[in-house]
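Here's the structure we're looking at; comments come further down.
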Amino acid sequence: MGAYHQMGHHSQNLLSDPELANYRGAILSPVNYREADVIGQIQTSRAYQEFETVFDPQLYYPSSQRGVLREWAYFPSDVDTADLNSSAWWGRIIDRIATTCEQIEPSAVCSPAVVPRVFNSDYFARLVDVAGSLCTRLSGSDISPIQTALVGFDDLTAPDRALEIGSILSASPCDRMYLVFSGTTHPRRELAEVESIKGAMQLIAALSGSEIDVIVGFCSSDIVLWKAAGASSCATGKFFNLRRFTSSRFEEPSQGGGQLPYWFEESLLAFLRESDLVRIKNRGLLSSASQENPFGQRILEQLSSQAGTAWVGLGWRQFMYWFLDFEKRFDRGRVNVQTLLSNSENEWRTLDDAVVLMEERQNDGTWLRAWRRALAEFATS
């Protein structure tokens, strides 16, 4: 249980922010940081009780030139010519990753996975085999192995496909799973395909039902759906490309995410630009979660006393605090997701009736109908 910080470019300063100290752990990034940097992050985190550092090898797109990944000792020099179905090749990679982790000493390590051309059953069976090799290699170690499950979001639309994938993955020897949904939805946009969302929820439920603790990586406001489906934990980051897994995570400039300030508003389950934040505030629509958010309070104070001053960094923290706070409230039984989605859609309807239009054309709350349908159909499936 608990939220995880998905590390990205210049994210290390958030690890020591006292108001974000209740994160359960961090998913470390060899794409954005060299070995010495990651060692420093791990050592710093030991000052926080029960804070877990999870090393993700991030070999999803190994042929990419992304970041500093190729500088790590475990990175395969033959990646462009290797047979990715070879157990011997994966065995060598596993040994290198385990050796690296024995040197940097994270709390846990995710099994490596690459993005395939096709997410077929053989691919998922291979993921389980690779994780099994990692478990064997780390046997007797203090480092906990975690099964990585990289799943094509669009693949989940097929009837019973989620249950088929869940059946294969549940054979993993690991009792925890790092679940990553790979899709094409732009990181700035909300998921809106009903069947894919429902399939993702069914997969989470199937894995949880097999007594596997599921950590869903690269989450945004869709945390509300994954927690409702039974996810143990969810992970997010300060940049938008750390809140949605797409190829852009490995192809765009390392700074990623952009420099525009956004406020996350729970009453609308939406990200707001500054002009929209002011508009919503003046209409008295800020949620209690927003009003009690310490970074939200600072943003509102700054807008009142220092209009025109940049608040990008505060916006990152305002969202990350909400994410942490939501997971805590959900786990304590203080949030009903069906009610939350219904109330949010009603708020958008009120705004529409009053002809209150957001600065960004696509920011209109229409995804909430898809979320409500997916949740309702999931609950009866």
Nearest heavy atoms of Leu260 and Val312, plus distance in Å: C-CG2, 4.2 Å
Ring geometry between Trp322 and Phe264 (parallel below 30°, tilted from 30 to 60°, perpendicular above 60°): tilted
Spatial distance of atom OG1 (Thr236) from atom CD (Glu327) [nearest 0.5 Å]: 10.5 Å
Within the 6.0 Å centroid threshold, strictly below: Tyr262 and Phe240: yes
Enclosure of Gln362 CD (heavy-atom neighbours >12, cutoff 6.0 Å): no
Pairwise distance CZ(Arg176) to CD1(Ile146) - rounded to 0.5 angstrom: 3.5 Å
Short side-chain to backbone donor-acceptor contact, Arg298 and Leu314, under 3.5 Å: no
Any side-chain heavy-atom pair of Met177 and Asp213 under 4.5 Å: no
Enclosure of Glu193 CD (heavy-atom neighbours >12, cutoff 6.0 Å): no
Over all atoms of both residues, closest heavy-atom pair of Ile104 and Ile39: CG2-CG1, 3.6 Å
Pair Leu207-Leu169, side chain to side chain contact (heavy atoms under 4.5 Å, CB included): steps then yes or no: CA-CA 8 Å; Leu207 295 171; Leu169 292 174; 4.0 Å; yes
More than 12 heavy atoms of other groups within 6.0 Å of Glu50 CD: no
Under 3.5 Å: donor-acceptor pair, side chain of Asp160, backbone of Leu163: no
Trp72 and Tyr33 aromatic centres sub-6.0 Å: no
Residues Gln41, Thr53; criterion side chain to side chain donor-acceptor pair (under 3.5 Å); working and verdict: CA-CA 9 Å; Gln41 293 165 5; Thr53 49; over 6 Å; no
Under 3.5 Å: donor-acceptor pair, side chain of Ser290, backbone of Leu286: no
pair Val335-Arg329: side-chain heavy atoms closer than 4.5 Å: yes
Qualifying residues under side chain to side chain donor-acceptor pair (under 3.5 Å), relative to Glu292, sequence neighbours excluded: none
Ring centers of Phe245, Phe153 separated by less than 6.0 Å: no
Neighbour count above 12 (heavy atom, 6.0 Å) for Arg373 CZ: no
Any donor-acceptor pair under 3.5 Å from Thr148 side chain to Ser111 backbone: yes
Side chain Arg34, main chain Val68, donor-acceptor under 3.5 Å: no
Stepwise side chain to side chain donor-acceptor pair (under 3.5 Å) test for Arg126 and Ser87: CA-CA 9 Å; Arg126 173 63 63 188; Ser87 296; 3.0 Å; yes
Leu69 to Pro57 - nearest heavy-atom pair and separation: CD1-O, 3.5 Å
Heavy-atom donor-acceptor pair, Thr380 side chain to Glu377 backbone, under 3.5 Å: yes
Check: Ala26 main-chain N/O paired with Gln6 side-chain donor or acceptor under 3.5 Å: no
Ring center gap for Trp316 and Phe239 short of 6.0 angstrom: yes
Donor-acceptor under 3.5 Å (Asn282 side chain, Val278 main chain): yes
Ile42 side chain reached by Leu28 side chain, heavy atoms, under 4.5 Å: yes
Nearest-0.5 Å distance that lies between atom CG in Asn85 and atom CG in Asp129: 11.0 Å
Thr339 and Asn336 side chains, donor-acceptor separation under 3.5 Å: yes
Check: Phe271 ring centre within less than 6.0 Å of Phe319 ring centre: yes
Short side-chain to backbone donor-acceptor contact, Ser344 and Ser267, under 3.5 Å: yes
Criterion side chain to side chain contact (heavy atoms under 4.5 Å, CB included) on Tyr61 and Val114, from CA distance to verdict: CA-CA 6 Å; Tyr61 293 94; Val114 298; over 6 Å; no
Side chain to side chain contact (heavy atoms under 4.5 Å, CB included) between Glu211 and Asp175, worked out: CA-CA 7 Å; Glu211 299 185 349; Asp175 58 5; over 6 Å; no
Leu277 side chain near Leu303 side chain, heavy-atom distance below 4.5 Å: yes
Heavy atoms from other residues, nucleotides or ligands near CG of Asp78 exceed 12 (cutoff 6.0 Å): yes
Derivation of the salt bridge (charged side-chain N to carboxylate O under 4.0 Å, His left out) call for Asp276 and Arg273: CA-CA 5 Å; Asp276 298 325; Arg273 294 286 299 277; over 6 Å; no
Test item: Ser107 and Val54 side chains (from C-beta on) under 4.5 Å apart, heavy atoms: no
Min side-chain heavy-atom separation Pro112-Tyr60 under 4.5 Å: no
Expected output: side-chain Ser210 to main-chain Ile212 donor-acceptor under 3.5 Å: no
Separation of Gln43 CD from Glu105 CD (nearest 0.5 Å): 8.5 Å
Atom pair CE/OG of Met201 and Ser381 - distance to nearest 0.5 Å: 9.0 Å
Asp222 vs Arg243, salt bridge (charged side-chain N to carboxylate O under 4.0 Å, His left out): CA-CA, chis, key distance, verdict: CA-CA 9 Å; Asp222 42 31; Arg243 306 174 198 168; over 6 Å; no
Heavy-atom side-chain proximity of Met7 to Leu14 below 4.5 angstrom: no
Nearest heavy atoms of Ile94 and Leu134, plus distance in Å: CG2-CA, 3.7 Å
Residue from Phe218, Phe119, Trp226 passing ring pair (Phe, Tyr, Trp, His ring centres under 6.0 Å) with Phe181: Trp226
CA sep, side-chain torsions, deciding dist, call: Glu265, Lys281, salt bridge (charged side-chain N to carboxylate O under 4.0 Å, His left out): CA-CA 10 Å; Glu265 179 48 51; Lys281 174 182 175 295; over 6 Å; no
For Arg244 against Ser220, the heavy-atom pair lying closest together: NH1-CB, 4.2 Å
Test item: side-chain donor near acceptor, Gln147 and Ser172, under 3.5 Å: yes
Worked verdict on Ile197 versus Trp371 for side chain to side chain contact (heavy atoms under 4.5 Å, CB included): CA-CA 8 Å; Ile197 294 172; Trp371 289 17; 3.7 Å; yes
Minimum heavy-atom distance between Asp364 and Trp367, given as atom pair plus value: N-CZ3, 3.8 Å
Beyond-backbone contact of Tyr178 with Val216, side-chain heavy atoms, under 4.5 angstrom: no
